[in-house]
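All remarks here apply to the structure that follows.
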Amino acid sequence: MGFFDNETDFVMPVDGRVEAIAKVKGQGKYSAEYKVDHLCYGVLVTSEIASGTIKSINTDAAKQAEGLIDIVSHLKKPAVPGFASEAKIKESKFGLPVFHTDKIYFKGQPVALVIAETLEEATYAASLVKVEYSIESFEVDFTKAKNSVELKPAGKERGDEKSWSNSPFSIDQEYNIAAEIHNPMEMHATIADWYEDNKLRLYDKNQGVNSVQKTFAGLFEIPVDNIQVISEFVGGGFGSGLKVWPHALAAILGAKQVKRPVKLMLTRPQMFHSVGYRPASWQRIKLGAGQDGKVTGVLHQAKNGCAIYDPFSDGITRVTRLIYQFDNLKTENAVVPLNLSAPTWMRGPGDCTGDFAVESAMDELSYKLKIDPVQLRYKNLASEKNPETGLPWSTNYLKEAIAKGSEMIGWNLRPGNPGSISEGEWKIGYGMAVGMWNAGRNKASAGIKMTKDGNIVLQTAMTDIGTGTGTGMQNIMHETSGISKNKIAIELGNSDLPPAGTQGGSTGLSSISGAVVAVSDALKLKLAEYAAQTNSKFKNAIAKDIILSDTGISFQRSGENFISYQDIFTKSNLKTIEVEASSEAGEEKKKFSFCSSAAHFCKVKVNTKTGKVVIDKMVVVVDGGKIINEKPAANQISGAAVGGIGMALMEKMYVDAKLGSLVANDLAGYHFAVNADAPIIEVSFINKPDLNLNPSGAKGLGEVGIIGAAPAIANAIYNATGKRFRNLPITPDQFF
Ligand code: MOS
């Protein structure tokens, strides 16, 4: 099955995304696009040095500039109760205490916010602010700094390291991955509006409105309900919106100081040091194996870069504890503080990085053992139980995914000897890798508002970062209630709506689907309650027995006892019927482990003269449970796999070790994969529901689309050329 070419086979009819029309017509409002009365504009002044202390801030010239309203800095700012002391700052876990310190931790750190009537005036006035620093020494070189931090155990050791140290086959290698930037298309932006003394409205780009709401309620010590966060349309997140960042607080402080709404939108270069990134990493993998291909033991060590003020650990070794039946296993981690901004979760966070090392090492082992990489996976996968928890997998179809993927790519055409197929000046090779991600369901709520005409609005606070959450909700509502999709409108991304967790970690649909089923049942029961006033048969009806249509309620089996919404609304003199319900993980968590997984296959061509790598064919077979709507699902996986191409071949944050600055920090300098770099990604789904996880059976998709993509490419490059690359990105110069 190809990407987008199998529409007739869809389980559910495909009507496109619920937000498609709004998006293509430009009606979808992104955070920076809201019209707010008396709006003014904030522009950040950022540090010119990488480490030191602010000595003085001269604002004289800026204050004379046309349109200037005010300037916020650590010298003049509204009070943030949550930052009242060093202890409270630490306790807040906010990260950088913006405008509440004179310390400089990295180049690009916000030191002032200049507020003016227009963006142009604010930009000009910001250029006039002169900051003097006392400069201290700094370190931005991860490769150098990593040697001075010590590893610590990450998770419980399994078995005994000594028992496998003399295995007949072994691999002991190091892997390095450059820091990468999320770079969503939409820049992060915040419009902050204190519309009353203690009441704040935020139009803010993020992946979870309730978490933003909670963070600022905590910092300002005001009730959560005093803060409304709106993030209706999100132009990509990739993890950058999972955390609450200093620029949002800067806008809030600015608005408080000038008593007007303030808009602050980051520039593209500011995006490189303001909203996280995948940290640079070093890893070591030691594998032992017997002649039979069974891995005897593994040692996985990992270090990742972090900010001095935020010891973010990417959890790189977690995935090694998950996929395979490694009975002897030791994992160790460390973070390496640098004079850089804080990293955060990005596209399959941690696991994506760890998986590159493990899946590269497994590939290398397969050549040593002379066992096909697919067969080596089959021999070692933990297919029955989660090796970490010992609980049986609720569902785990990774073996099926591998089998299907090898068929789709034509694995039988893969040369056993690397470098043995040529086409002119190109070498041809095949590679594969697997990826896995813990699946889960978080607490989420959904609400319904129904009107007399049978139209419903289905609501949740959850955001949709482009993954198709709203479309999935509409599909599930239609399936469970019987109401036509064109009668189901979706509202999301607003903290005034029923609360839900952040959209991240591939838990969005898994979490919200439970709430949608619950609220659909609640609507049925509410309507049955009213219907019972006309027909007593509805009195003790249960949700399962009831079906809703576009015009009324009846019993599922016979379709009998129809009562129209018109009748119900008229008889009870109703304007709307409103219900709300929520869902969260329960007892099932104690009985089962849950995972999504994917098998990645690719065929590459490597130019022997230029070192150019062309991804000729790429296949991703995913076990993500039930696929609610195949089109956005395939779209999500395809996009994730393209992210894997970027990770393997292009993406890198360049840091100037002498100056402490980021270089090439725009979309001309930072290379990621575009359409020209990717083939049509062939996506296929196992599509078997996991009905222990949630009522929809959907397990979650996004992360496994990228976890495994980069090692599949590196492994294919080895198969094509005989050159093993253990550092990412693999750029053409490295072939020579
Ligand atoms: Mo994803 S890194 O959970 O947005």
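Residues take their numbers from the sequence shown, with the count starting at 1. Every number for a ligand or one of its atoms is a count from 1 in the order of the listing.
Close contacts between ligand 1 and P349 involve ligand atoms 2 (S) [criterion: under 4.0 Å to a heavy atom]. Contact atoms of ligand 1 toward F238: 2 (S), 4 (O) (distance under 4.0 Å to a heavy atom of the residue). Residue contact check: G504 has heavy atoms under 4.0 Å from atoms 3 (O) of ligand 1. Ligand-side atoms of ligand 1 in range of Q207: 4 (O), range being under 4.0 angstrom from any heavy atom.
By the criterion of a heavy-atom distance under 4.0 Å, the backbone of R347, and not its side chain, is placed next to ligand 1. When heavy-atom distances to ligand 1 are checked against a 4.0 Å cut-off, M346 comes that close only through its backbone atoms N, CA, C and O.
Checked against R201 for a side chain to side chain contact (heavy atoms under 4.5 Å, CB included), the options I230, I191, D496 give a single hit: I230.
Rounding to the nearest 0.5 Å places CD of Q228 at 5.0 Å from OG of S495.
Taking any N or O of E703, backbone or side chain, at least one lies under 3.5 Å from an N or O belonging to ligand 1. At a 3.5 angstrom cut-off on N or O pairs, Q503 does not count as close to ligand 1. Checking only distances, G239 does come within under 3.5 Å of ligand 1, N or O to N or O.
In this structure, W282 has its ring center no closer than 6.0 Å to that of F142.
Stacking of K699 on the aromatic ring of F594 is not recorded, the 6.0 Å distance cut-off and the 45° axial limit not both being met.
The aromatic rings of Y175 and F356 stand perpendicular to each other, their planes meeting at an angle above 60°, with 30° marking the opposite boundary.
Without hydrogens or angle criteria, T190 side chain to A192 main chain gives no donor-acceptor distance under 3.5 Å.
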Please evaluate residues Y203 and Y30 with respect to the criterion ring-ring contact (aromatic ring centres under 6.0 Å, His included), reporting the C-alpha separation (whole Å), side-chain torsions for both, the decisive distance (0.1 Å), and the verdict. CA-CA 8 Å; Y203 301 95; Y30 295 83; over 10 Å; no
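G505 counts as a contact of ligand 1, since one of its heavy atoms falls under 4.0 Å from the ligand.
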